[in-house]
S.K.: 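Quick one: this structure, given as C-alpha cells, is what I'll be asking you about.
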There are 2 protein chains.
Amino acid sequence: MAKQVKIKDIARMAGVSAGTVDRILHNRGNVSRTSREAVERVLSETGYRYNIHTSAVSLRKEYRIVIAIPTAIKGEYWDSIRTGIEHAIDEYSDISIVREYAYYNQFDIYSCRASFKSITESSPNAVIIGPTFASETRELCSELDRMKIPYAFVDSVIDGLNPTLSFSCDQRTCGLTVARLLHLMTPGGQDFAILSSRRTGNERSNNSLARKAGFMEYFGRNCPEKNIREVKFSVLDPQESERDVLKFIEENPDVRGIAVLNSRGFIVADILEKRGIGNVSLVCFDLTDNNRRCISKGTISAVICQRPELQGFYAVSGLIRNLLYNQEDGQKEHLMPIDIIIAENLPYYKEYLP
Amino acid sequence: MAKQVKIKDIARMAGVSAGTVDRILHNRGNVSRTSREAVERVLSETGYRYNIHTSAVSLRKEYRIVIAIPTAIKGEYWDSIRTGIEHAIDEYSDISIVREYAYYNQFDIYSCRASFKSITESSPNAVIIGPTFASETRELCSELDRMKIPYAFVDSVIDGLNPTLSFSCDQRTCGLTVARLLHLMTPGGQDFAILSSRRTGNERSNNSLARKAGFMEYFGRNCPEKNIREVKFSVLDPQESERDVLKFIEENPDVRGIAVLNSRGFIVADILEKRGIGNVSLVCFDLTDNNRRCISKGTISAVICQRPELQGFYAVSGLIRNLLYNQEDGQKEHLMPIDIIIAENLPYYKEYLP
DNA sequence: GTGGGATTTGTGTACGTACACAAAAGTACT
DNA sequence: AGTACTTTTGTGTACGTACACAAATCCCAC
C-alpha cells in the first residue's frame with residue numbers, strides 16, 4: 001500500500017490551493033477551466049482516494065433516508081429487508097443518518113399512492129423503494145428524478161427506470177433453480193404444479209411472472225413430456241386458501257411436486273400436513289419464520305432465498321456512498337446470489353456474520 | 001439515533017479528564033481505582049461507542065498482519081481466502097495495514113515448520129492461520145499466546161486452542177448436506193461412494209473426517225440398507241488418480257453417486273467424462289475454477305461452498321477491530337453458512353457484492 | 001484606467017480521538 | 001518537613017477533510 005496522496009499534495013502538485021481541489025472533488029463549481037484541468041490531471045495520475053474516515057469526520061450534515069416498502073410484518077419477507085436496513089444504519093452510526101419508513105399496504109394501491117406522495121413532500125436526501133405497484137413507482141421516480149434525489153430499488157426492479165442503485169435477483173434463474181430442485185426431489189415420472197397467489201396483479205407480480213417463465217423453460221427443455229398445472233390460491237383468506245389447495249390436490253392426484261412462486265409456501269405446507277399428505281415435495285421462496293419452521297419439520301423441501309437482508313444493507317450503504325462521496329460507483333444493478341436452503345444447511349444459514 | 005456521547009462528555013460526567021477516559025478505554029493502565037470505577041459506570045450508563053472514523057484518523061500506528069496459509073494457487077481454494085483477505089486490506093486502506101504472506105506447502109510438514117518459525121521471529125501485530133498440521137499449529141499458537149499476539153483461524157479449527165477469532169464450517173453438517181444432495185440426485189436404489197484424498201493425514205484432515213462422519217450419519221439414519229464404499233485416491237499424481245478412480249468404477253458398477261470430500265471433484269469429473277461415464281452424480285467441496293467449469297458442463301452435480309472469501313475478509317476485519325479497538329466482540333467462533341451451488345444458481349453466486 | 005459586480009482562489013477552523021508530554025498528587029523514607 | 005521517586009491526571013497537538021468566509025482576480029461599462 002503506497003503512501004496515500006492527500007488533498008494538500010494534489011493541491012501542491014497542481015499548483016492550486018486545497019480549497020480548489022476540494023471544490024473539484026465535490027463538483028461544487030466556481031472553478032476555472034484551467035484549475036479544473038490541472039487538478040483533474042493530477043488526480044488521475046496519482047489515483048487519489050480520499051480518506052473515508054477523515055471525510056466522514058468532517059461531514060456534519062444530517063442525512064434523511066426514507067424507506068418506502070410494503071409493511072414489514074415481523075418474521076416475514078419485508079421484515080428481513082428492514083433488518084438489513086437497520087443493520088446498516090447501525091453500522092453507520094458515526095454518520096448522522098435519520099431513516100423514516102413510509103410503509104404501504106402491498107395489497108392496497110391507495111395506501112401506496114398516499115405513502116409515495118408523502119415522500120416527495122418531505123424531500124428526503126435519499127429513498128429506498130421496494131417497488132410493488134409499477135405505475136405508482138414510475139410516478140414517484142420521475143418526481144425524484146426531477147428533484148435530483150437518489151433512490152435505490154430493493155427486491156425487484158421496474159423496467160425503464162433509472163435508479164441510482166438496484167438490488168434484485170434474476171427471477172428467471174430463480175425459476176430455473178426451483179424447477180431443478182423440484183425435479184430432483186420428485187422421483188419418478190410424476191407431474192408438477194405451480195401455485196401462485198391469486199392477487200397476481202399486485203404482489204410482486206413482475207417477480208412471479210419471471211419465475212414462472214424460468215420454471216416452464218426448465219421443464220420445456222429437460223422434460224417436455226411433463227404436465228405442469230397451474231393454480232392460483234388466495235394468500236389472504238386462510239379458509240379460502242385451504243379450499244383452493246385441497247381442491248387442487250383432489251383433482252390432481254398425480255402431482256408430486258409443487259412450486260409456490262412466492263413466500264407463502266408454508267400455507268400450502270401446513271394444509272398438506274394437516275391433511276396427512278406427505279408425499280409431495282414443496283419448494284418456495286424466501287426464508288420467512290414460517291418457512292423456516294416448515295423446512296425444519298420437513299414439510300417444505302427447499303426454499304430459495306434472495307438475501308433480502310443484504311439487499312437492505314447494501315441499499316443503505318450504497319446510498320450513503322452516493323450522498324457523501326458522490327461516488328457513482330460503476331455497477332448500478334446488483335443481481336444477488338440465489339441461495340438454496342434445505343433442512344441440512346438451514347441451521348447455519350446467515351446472510352452475514354460479524 | 002440519539003446524539004452520540006463523546007469522550008469529553010464521559011469525562012465531564014465522571015469528573016475526570018478526557019485523557020483518563022482514554023486510558024481506561026484502551027486499557028493503558030496507570031489509572032486509580034476510583035477513576036476507573038467512576039468512568040466505567042458512566043460508560044455503561046451512557047452506552048458509549050467511540051466514533052470509528054475519528055478513531056481511525058487519530059491512529060497513526062502501522063499494523064503488520066502475517067497470513068500463514070497453504071500456498072494459494074490461482075483459482076484454487078486457498079486463493080479464495082487470499083482474495084477475501086486482499087479485499088479487506090483494500091477496504092481498510094485508510095488505516096496503515098501491512099500484510100505478509102507466509103505460505104507453506106500443505107503437503108510438506110517441513111515447509112510448514114519453517115514458515116511458522118519465521119512468523120514468531122518477525123513478531124507481527126496479528127496472524128491469520130489456515131491450520132493444516134495440527135501439532136505445528138499448536139506450537140505456533142502457544143508461542144503467539146506467550147507473545148500476546150492475536151491470531152485468527154480460517155477454514156478450520158484445531159481443538160484445544162483459543163484463537164482470538166475463528167471462521168469455519170460445521171463439517172459434520174456439510175457431510176449431512178452432501179449426503180442429502182447426493183441422495184436426491186441419485187434416483188433408484190443404487191449405492192453411494194465417498195472418495196477422499198489419499199494423503200488424509202495432512203490435507204485438512206480434520207475437515208475430511210468430520211465430513212465423512214456427517215455423510216455416514218445421514219445414510220445410517222435415512223437409508224441404512226445402502227452400501228457406502230470408501231476409496232482414497234491420489235490428488236497429486238494425475239496418472240495415479242486416474243488409475244485409482246477407474247479401478248474403483250470398474251469394481252463398483254452399481255455406484256451412481258460419488259461424494260468427493262475435498263475440492264478435487266473436478267479430477268474425478270474429468271476422468272469420468274473422458275471415459276464417457278455419464279450416469280454418476282458427483283458432489284464435492286469448494287467453488288474452485290475447475291469445479292465451476294465442471295458444474296457448468298454438468299459433470300459435477302453440486303458443490304458445497306463455505307464462503308472462503310468471506311472467511312478471509314472477516315478474519316482481517318475482526319483482527320483489525322481487535323487491534324485498534326481491543327474489542328473482544330462477543331462471538332469468537334464463527335460458523336459460516338453452507339452454500340449449495342448447482343448449475344442453475346452458479347452464474348449469480350458471489351460471496352459479497354459492492 | 002477606474003469602479004463595481006461576478007467569479008475564482010486561498011485560509012482557517014471544526015470534527016472526535018489517540019497519544020505524547022507536562023503537571024500534579026501520592027508514597028516512602030530520611 | 002523535605003527529598004526522591006512513582007503513580008495518576010490533565011492538556012495540547014496531530015490526523016485529513018469539508019466548508020464557511022475572506023481575499024484576490026477577472027471582466028466590462030464608463
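A, B, ... follow the sequence lines: proteins, then strands. Residue 1 opens every chain. Atom set for the values below is all heavy atoms of this structure, side chains included, hydrogens, waters and symmetry mates excluded. For clarity, every value in this text was computed on a predicted model and none was experimentally measured.
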S.K.: Taking only the side-chain heavy atoms of B:Y48 (C-beta and beyond), determine which of C:dT17, C:dT8, D:dT9 contains the nearest atom.
M.R.: C:dT17
S.K.: Counting the atoms with a prime plus P, OP1 and OP2 as sugar-phosphate, which does B:N51 contact under 4.0 Å by heavy atoms, base, sugar-phosphate, or nothing?
M.R.: sugar-phosphate
S.K.: Side chain of A:V16 only, heavy atoms from C-beta on: which candidate in C:dG10, C:dA18, D:dG10 is closest?
M.R.: C:dG10
S.K.: Can you tell me which nucleotide in D:dT8, D:dC19, C:dC21 comes closest to the side chain of B:S32?
M.R.: D:dT8
S.K.: Is there, by distance only and without an angle test, a donor paired with an acceptor across the side chain of A:S58 and the base of D:dG16 below 3.5 Å?
M.R.: yes
S.K.: Taking A:S123's backbone N and O only, do any of them form a donor-acceptor pair with A:R64's side chain (distance below 3.5 Å, no angle check)?
M.R.: yes
S.K.: What about A:S55, does its side chain sit under 3.5 Å from the base of D:dG16 through a donor-acceptor pair?
M.R.: no
S.K.: Salt bridge check, A:D90 against B:R49: does any charged N sit closer than 4.0 Å to a carboxylate O?
M.R.: yes
S.K.: Any salt bridge between B:R99 and B:E86, counting N to O under 4.0 Å?
M.R.: yes
S.K.: In plain terms, say whether B:R113 and B:E136 are close enough for a salt bridge, that is, a side-chain N and a carboxylate O under 4.0 Å apart.
M.R.: yes
S.K.: I want to verify a distance call: between C:dC19, C:dG10, C:dT8, whose nearest atom is closest to the B:L59 side chain?
M.R.: C:dC19
S.K.: When we call it a touch if two heavy atoms are under 4.0 Å apart, what does A:V57 touch: a base, just sugar-phosphate, or nothing?
M.R.: base
S.K.: Please figure out whether B:S17 or A:K61 has its closest DNA chain D nucleotide nearer the 5' end.
M.R.: B:S17
S.K.: Would you indicate which nucleotide in D:dA18, C:dT9, C:dA18 comes nearest to any side-chain atom of A:D22?
M.R.: D:dA18
